[in-house]
Amino acid sequence: MTAWTARDIPDQSGRTAVVTGANSGIGLAAARELARRGARVLLACRSEARGKEAEARIAAEVPGADVEFRALDLADLQSVRDFAAAFTGERLALLINNAGVMALPYGKTADGFETQFGVNHLGHFALTGLLLPKLLTTPGARIVTVSSGMHFVSNIDIGDLNSEKKYRRWVAYGRSKTANLLFTHELARRLVSASSEVVAAAAHPGFARTNLQTAGARMEGRRAAERIAEVSTRIIAQSAEAGALPTLYAATAPGVRPDSFTGPRLQGWRGAPVKSVRARWTLNDAAGERLWAASEQLTGVTYAVK
């Protein structure tokens with residue numbers, strides 16, 4: 001079978017896409033390729049400076065690209081609500097929940113949630129719920145949430161979602177990525193139950209060259225760890241463009257199934273997008289329902305599908 005590449009993305013003319021964290025890494029790469037295929041792409045980024053820079057970069061690389069920076073801070077639910085409120089009158093074809101943080105020192109969001117769980121899961125849970133009415137009325141709409149192979153590190157702890165009992169940065173990250181998959185599992189079930197044609201799917205980039213690998217060490221001033229991460233990423237990781245392919249496949253390829261999980265072909269690390277393995281706990285209906293209920297309570301966001 002011929003490997004799927006960005007050249008296989010179908011025409012996206014007339015479709016609007018939101019890509020969170022589109023200022024760098026796989027988010028930037030995904031936004032650029034969607035714009036190249038004719039989509040109107042909203043770059044949902046926390047930093048205005050970096051978002052505007054990404055907007056200018058895509059416009060320079062893709063003549064005629066329809067891209068626009070929109071402010072979104074997933075660590076602040078008011079920012080999420082403000083972003084969604086700006087969608088009045090617009091239809092939305094693609095929501096790519098890509099932004100994330102990894103292995104940070106313990107911290108809290110503006111709403112008091114542990115940072116990794118708050119940004120990686122709760123922020124996107126709220127955003128998706130608030131934008132869902134726009135997706136439900138758009139033919140062929142999809143919601144793609146970016147998880148990670150690191151979800152295998154840990155299942156969620158429904159009794160300690162914010163890691164208040166004990167904080168271990170990689171366990172917290174793994175739990176947030178498991179939450180991404182459980183969210184997709186439950187959202188897909190609800191959409192199918194409601195006879196909606198909106199497809200909720202997940203993807204992961206394998207080991208891709210982004211700024212996530214060094215962020216935690218940089219925040220704590222651990223220069224040796226930061227340098228090791230930089231060197232190993234440069235030597236081992238695939239490019240951000242290659243890392244974006246599973247996301248782009250899940251967002252645009254024909255026949256993508258609800259609750260599918262797409263990742264790189266070669267041991268889940270690199271290569272063309274294919275069906276990816278996932279931990280059995282990410283397919284647990286009861287766990288998905290419990291996480292959903294807790295997420296609604298924590299964010300105050302309820303969904304248009306039950």
Side-chain angles (χ1 to χ4, degrees), residues 2-74 82-99 124 127-128 131 134-146 197-199 201 203 205 208-211 238-256 262 272-273:
T2 305
W4 194 91
T5 72
R7 292 187 295 274
D8 296 308
I9 298 172
D11 180 40
Q12 299 295 304
S13 299
R15 292 166 68 78
T16 297
V18 166
V19 182
T20 68
N23 59 281
S24 65
I26 65 173
L28 175 61
R32 182 180 61 241
E33 295 309 315
L34 290 171
R36 198 188 304 278
R37 293 299 184 271
R40 176 173 183 250
V41 185
L42 302 184
L43 312 177
C45 311
R46 180 174 58 86
S47 166
E48 181 176 359
R50 291 193 292 269
K52 290 284 190 179
E53 182 181 348
E55 180 184 314
R57 179 174 172 181
I58 294 174
E61 295 179 8
V62 182
D66 187 357
V67 293
E68 179 186 349
F69 160 74
R70 293 277 184 95
L72 173 66
D73 184 355
L74 290 163
D82 291 345
F83 180 94
F87 262 84
T88 303
E90 296 183 48
R91 294 210 301 183
L92 180 60
L94 294 175
L95 172 57
I96 298 181
N97 293 323
N98 161 80
H124 282 127
L127 178 68
T128 304
L131 293 179
K134 307 296 183 187
L135 291 151
L136 290 172
T137 59
T138 307
R142 294 188 189 179
I143 301 161
V144 178
T145 299
V146 179
E197 295 183 358
V198 177
V199 172
R209 202 171 300 125
T210 73
N211 59 11
Q238 62 180 348
S239 67
E241 288 72 21
L245 289 178
T247 296
L248 288 165
Y249 180 94
T252 68
V256 170
T262 303

> With sequence neighbours excluded, what pairs up with Glu68 under the salt bridge (charged side-chain N to carboxylate O under 4.0 Å, His left out) test?
Replying inline: Arg40, Arg70

Under the side chain to side chain contact (heavy atoms under 4.5 Å, CB included) rule, collect the residues that match up with [X], sequence neighbours excluded.
X: Ala22; result: Val19, Ala31, Leu43, Cys45
X: Thr128; result: Leu95, Asn97, Ile143, Phe183, Leu187, Tyr303
X: Asp8; result: Trp4, Thr5

In chain order, what residues pass the side chain to side chain donor-acceptor pair (under 3.5 Å) check against [X], with sequence neighbours excluded?
X: Asp66; value: none
X: Arg15; value: Gln12
X: Thr20; value: His124
X: Ser13; value: Asp11

Minimum heavy-atom separation for [X] and [Y], please, with both atom names.
X: Val146; Y: Pro205; result: CG1-CD, 4.1 Å
X: Ala201; Y: Val256; result: CB-CG1, 4.1 Å
X: Ala240; Y: Ala29; result: O-CB, 3.9 Å
X: Ile96; Y: Ala251; result: CD1-CB, 4.1 Å
X: Val144; Y: Ala203; result: CG1-CB, 4.3 Å
X: Ala44; Y: Val18; result: CB-CG1, 4.1 Å

Once you round to the nearest 0.5 Å, how far does [atom1] of [X] lie from [atom2] of [Y]?
X: Leu248; Y: Ile9; atom1: CG; atom2: CD1; value: 4.5 Å
X: Thr137; Y: Arg91; atom1: OG1; atom2: CZ; value: 6.0 Å
X: Thr247; Y: Asn98; atom1: OG1; atom2: CG; value: 6.0 Å
X: Leu94; Y: Leu42; atom1: CG; atom2: CG; value: 11.0 Å
X: Glu197; Y: Leu136; atom1: CD; atom2: CG; value: 11.0 Å

Using a 4.5 Å cut-off on heavy atoms from C-beta on, say whether the side chain of [Y] contacts that of [X].
X: Leu127; Y: Leu72; answer: yes
X: Thr252; Y: Leu34; answer: yes
X: Arg7; Y: Glu33; answer: no

Compile the donor-acceptor pairs under 3.5 Å between side chains in residues 49-60 and protein atoms, sequence neighbours left out, one pair per line.
unit_1: Glu55; atom_1: OE1; unit_2: Phe69; atom_2: N; d: 2.8
unit_1: Arg57; atom_1: NE; unit_2: Glu61; atom_2: OE2; d: 3.2

>> Between Thr88 (side chain only) and Ala85 (backbone N and O only), is there a donor and an acceptor less than 3.5 Å apart?
In response: yes

